[in-house]
Colleague: 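Handing you this structure, nothing more for now.
Both backbone and side-chain heavy atoms feed into the values below; hydrogens, waters and symmetry mates do not. Atoms within a ligand are numbered from 1 in the order they appear, just like the ligands themselves.
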Amino acid sequence: MLRTGLLAASRSPQLRNLVEHTPLAQPLVTRFVAGTGVNEVLPTVADLRADGLAVTLDHLGEDTHDHNAVEATVSAYEDLLAALAEAGLADGAEVSVKLSAVGQFLGDDGERIALDGARRICEAARAAGTTVTLDMEDHTTTDSTLGILTALRADFPWVGVALQAYLHRTEADCAALATAGSRVRLCKGAYAEPASVAFQSKDEVDRSYVRCLRVLMAGAGYPMIASHDPRLIAIADSLAAKYGRAADDHEFQMLHGVRPDEQRRLAARGATMRVYVPYGHDWYGYFMRRLAERPANVGFFLRSLATRS
Ligand SMILES: Cc1cc2nc3c(=O)[nH]c(=O)nc-3n(C[C@H](O)[C@H](O)[C@H](O)COP(=O)(O)OP(=O)(O)OC[C@H]3O[C@@H](n4cnc5c(N)ncnc54)[C@H](O)[C@@H]3O)c2cc1C
């Protein structure tokens, strides 16, 4: 119930206005978000790289219905990628892109606009010497996102995509994408989805995750295991051993601010460990999904409000 309420709140403009203007949200926001601009996020990237962690950077923003905002997002990624290259950080630091932030919802032309924007970001990534992964948003966007992925991969075969284990369709999507050179980030899924398209219980989602992971590990692509769940990480290790995958043949991914000690433990034992690092002003939707994932975060947030009021 709490999860559903928070996910509904993540799309409410009224609540967005309230939470964004509460300075009291800042301490918890800064746990998950690494700053507002490139100058703030680059030192975080440098620290993570120095600790042996790879990075994927997300310029926050989603559900854009405005051409100027789309242009601003694409330019922000171009600037970020140029800055990463200039700082010597592009090796091991890629970017994650939400297609809804680059125009996917801009009317009948949305897909073309999103493809054009994503293409510009891929060109900037290629010039910097790094890669791009497409985030996956709610299930109404899955077909469109996979279509844009196919178009991008014709020119940029290293573009990756996130797939969500909670969707009934995902095992089949994993099979279709488990091909040579294909980078697939497998996550549980972070949006409120109906029972017609998604598993609803944690057990069902976890079981689906394992089925999908088995398909990816057995296939010819490059699996990216995006989870903080210790049981799934242990299963990923045993599947990697079973299918003879070396440490550079798959990777683990976790979110900035979540289980940082475990991130370093995995990197120290020789695993490829990538941290998803969001930055920017538009943190509300991302932040609310992080609250929804873990009720303890809500308690922490409310306690910080109570002790400061
Ligand atoms: C790198 C990365 C990229 C992602 N990209 C996408 C995407 O493109 N699309 C999408 O729908 N979802 C994405 N997600 C989110 C994902 O779908 C899940 O919602 C999220 O990772 C929580 O699931 P979990 O596998 O960690 O397992 P859970 O069972 O939710 O969590 C396992 C344990 O991890 C810890 N934990 C998990 N989440 C939090 C949190 N927010 N705060 C504190 N502790 C926490 C807790 O200890 C928890 O018990 C991504 C996640 C990661 C790590």
Colleague: Please indicate whether any nitrogen or oxygen in Gly189 is less than 3.5 Å from any nitrogen or oxygen in ligand 1.
Modeller: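 Yes.
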Colleague: Quick check with a 6.0 Å cut-off and a 45 degree axis cone: is Arg290 positioned over the face of Tyr286's six-membered ring?
Modeller: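 Yes - Arg290 lies over the ring of Tyr286, closer than 6.0 Å to its centre and within 45° of its axis.
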Colleague: Quick check: does any side chain N or O of Glu204 sit under 3.5 Å from a backbone N or O of Ser201, one acting as donor and the other as acceptor?
Modeller: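 Here the side-chain-to-backbone pair exists.
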Colleague: Considering distance alone, does some N or O of Glu293 sit under 3.5 Å from an N or O of ligand 1?
Modeller: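 N/O-N/O distance below 3.5 Å exists for this pair.
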Colleague: Atom 44 (N) of ligand 1: which protein heavy atom is closest, and how many Å away?
Modeller: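 That would be Arg294 CD, 3.0 Å.
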Colleague: With heavy-atom distances below 4.0 Å as the criterion, list the atoms of ligand 1 near Tyr191.
Modeller: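 The atoms of ligand 1 under 4.0 Å from a heavy atom of Tyr191 are 11 (O).
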Colleague: Among protein heavy atoms, which sits nearest to atom 24 (P) of ligand 1, and what does the distance come to when rounded to 0.1 Å?
Modeller: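 Ranking protein heavy atoms by distance from atom 24 (P) of ligand 1, first comes Ser227 OG, 3.7 Å.
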Colleague: One thing to verify: whether Arg245 and Glu251 come together as a salt bridge, which I'm taking to mean a side-chain N less than 4.0 angstrom from a carboxylate O.
Modeller: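 So Glu251 does not pair with Arg245 through a salt bridge.
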Colleague: Looking only at protein heavy atoms, identify the closest one to atom 13 (C) of ligand 1 and say how far it is in Å.
Modeller: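 Looking at atom 13 (C) of ligand 1, the protein heavy atom closest to it is Cys187 SG, 3.5 Å.
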Colleague: Flag the pair Phe32 / His256 as yes when their ring centroid distance falls below 6.0 Å, and as no otherwise.
Modeller: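 No: the rings miss the under 6.0 Å criterion.
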Colleague: Could a heavy atom of Arg31 be found less than 4.0 Å from some atom of ligand 1?
Modeller: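 It does; at least one heavy atom falls under 4.0 Å.
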Colleague: Would you say Gln253 and ligand 1 have an N/O pair spaced under 3.5 Å apart?
Modeller: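 No.
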Colleague: Do any non-hydrogen protein atoms sit less than 4.0 Å from atom 36 (N) of ligand 1?
Modeller: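 There is a protein heavy atom less than 4.0 Å from atom 36 (N) of ligand 1.
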Colleague: Between the side chains of Arg112 and Asp109, is the shortest nitrogen-to-carboxylate-oxygen separation below 4.0 Å, so that they form an ion pair?
Modeller: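 Looking at Arg112 together with Asp109, the answer is yes, because their closest N to O distance falls below 4.0 Å.
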Colleague: Regarding Glu262 and Arg265, does a basic nitrogen lie under 4.0 Å from an acidic carboxylate oxygen?
Modeller: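 The answer is yes: the pair qualifies as a salt bridge.
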Colleague: List every atom of ligand 1 that sits less than 4.0 Å from any heavy atom of Ala162, numbering the atoms from 1 in the order shown and giving each element.
Modeller: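 Per the distance check, 8 (O).
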Colleague: Indicate yes or no: does an N/O atom of Arg259 lie under 3.5 Å from an N/O atom of ligand 1?
Modeller: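 So ligand 1 has no N or O lying under 3.5 Å from an N or O of Arg259.
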Colleague: What residue and atom, counting heavy atoms only, is the protein's closest point to atom 52 (C) of ligand 1, and at what distance?
Modeller: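 Heavy-atom neighbour on the protein nearest atom 52 (C) of ligand 1: Leu255 CD2, 3.4 Å.
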Colleague: Is it the case that ligand 1 has an N or O less than 3.5 angstrom from some N or O of Tyr276?
Modeller: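 Tyr276 vs ligand 1: no N/O contact under 3.5 Å.
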Colleague: Consider only side-chain N and O atoms of Asp58 and Tyr276, and report whether a donor and an acceptor are under 3.5 Å apart.
Modeller: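 Yes, a side-chain donor-acceptor pair sits under 3.5 Å.
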Colleague: Closer than 4.0 angstrom, basic N to acidic O: yes or no for Glu62 and Lys98?
Modeller: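 Here Glu62 does not pair with Lys98 in a salt bridge, since their nearest N and O are not under 4.0 Å apart.
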Colleague: I want to confirm something. Looking only at heavy atoms, which of Lys188, Arg274, Met254, Arg185 is nearest to atom 3 (C) of ligand 1?
Modeller: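 Looking at heavy atoms only, the winner is Arg185.
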Colleague: Below 4.0 angstrom from a heavy atom of Asp135, which ligand 1 atoms are there? Numbered from 1 as shown, please.
Modeller: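 It comes down to these atoms of ligand 1: 8 (O).
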Colleague: Please tell me whether His250 and Tyr222 form a close aromatic pair, meaning their ring centres lie under 6.0 Å apart.
Modeller: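 No, they do not, as the ring centres are separated by 6.0 Å or more.
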Colleague: Which one holds for Tyr209 and ligand 1: side chain close, backbone close, both close, or neither close, with close meaning a heavy atom under 4.0 Å?
Modeller: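 Neither part.
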Colleague: Any nitrogen or oxygen of Met136, side chain or backbone, less than 3.5 Å from one on ligand 1?
Modeller: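 The answer is yes, given that Met136 and ligand 1 share an N or O pair closer than 3.5 Å.
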Colleague: Please determine whether a side-chain nitrogen of the Lys or Arg among Arg269 and Asp237 lies less than 4.0 Å from a carboxylate oxygen of the Asp or Glu.
Modeller: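 Asp237 and Arg269: salt-bridged.
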Colleague: Heavy atoms only, cut-off 4.0 Å: how does Val258 contact ligand 1, side chain, backbone, both, or neither?
Modeller: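 Side chain only; the backbone of Val258 stays clear of ligand 1.
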Colleague: Answer yes if a protein heavy atom lies under 4.0 Å from atom 48 (C) of ligand 1, otherwise answer no.
Modeller: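 No.
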Colleague: Got a salt bridge between Arg169 and Asp143, using NZ or NE/NH1/NH2 to carboxylate O under 4.0 Å?
Modeller: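 Result for this pair is yes, salt bridge flagged.
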Colleague: For Glu171 and Ser208, which I'm curious about, is there any donor-acceptor pair between the side chains at under 3.5 Å?
Modeller: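 There is no such pair (donor and acceptor under 3.5 Å, judged by atom type) between the side chains of Glu171 and Ser208.
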Colleague: Decide whether the shortest distance between a heavy atom of Lys202 and an atom of ligand 1 is less than 4.0 Å.
Modeller: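 Right, Lys202 reaches ligand 1.
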Colleague: Below 4.0 angstrom from a heavy atom of Arg290, which ligand 1 atoms are there? Numbered from 1 as shown, please.
Modeller: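 Those atoms are 15 (C), 41 (N).
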Colleague: Mind checking whether Ala190 contacts ligand 1 via backbone (N, CA, C, O), side chain (CB onward), both or neither, at a 4.0 Å heavy-atom cut-off?
Modeller: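 Both backbone and side chain of Ala190 come within 4.0 Å of ligand 1.
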Colleague: Among all protein heavy atoms, pick the one closest to atom 42 (N) of ligand 1 and tell me residue, atom and distance.
Modeller: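 Nearest neighbour among protein heavy atoms for atom 42 (N) of ligand 1, to 0.1 Å: Asn297 ND2, 2.9 Å.
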Colleague: Does a donor on one side chain and an acceptor on the other come within less than 3.5 Å for Ser96 and Arg185?
Modeller: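 On atom types as modelled, these side chains qualify, holding a pair under 3.5 Å.
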Colleague: Give me the one residue out of Ile233, Leu53, Val275 that meets side chain to side chain contact (heavy atoms under 4.5 Å, CB included) with Met254.
Modeller: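 Exactly one pass, corresponding to Ile233.
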Colleague: Under 4.0 Å from any heavy atom of Gln164, which atoms of ligand 1 are there?
Modeller: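 Here the atoms of ligand 1 in question are 9 (N), 10 (C), 11 (O).
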Colleague: Do any nitrogen or oxygen atoms of Leu232 lie less than 3.5 angstrom from nitrogen or oxygen atoms of ligand 1?
Modeller: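 Between Leu232 and ligand 1, no N or O pair is found under 3.5 Å apart.
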Colleague: If the threshold is 4.0 Å, N to carboxylate O, is there a salt bridge linking Arg183 and Glu94?
Modeller: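 A salt bridge links Arg183 with Glu94.
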Colleague: Looking only at N/O atoms, are His228 and ligand 1 under 3.5 Å apart anywhere?
Modeller: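 Yes; at least one N/O pair falls below 3.5 Å.
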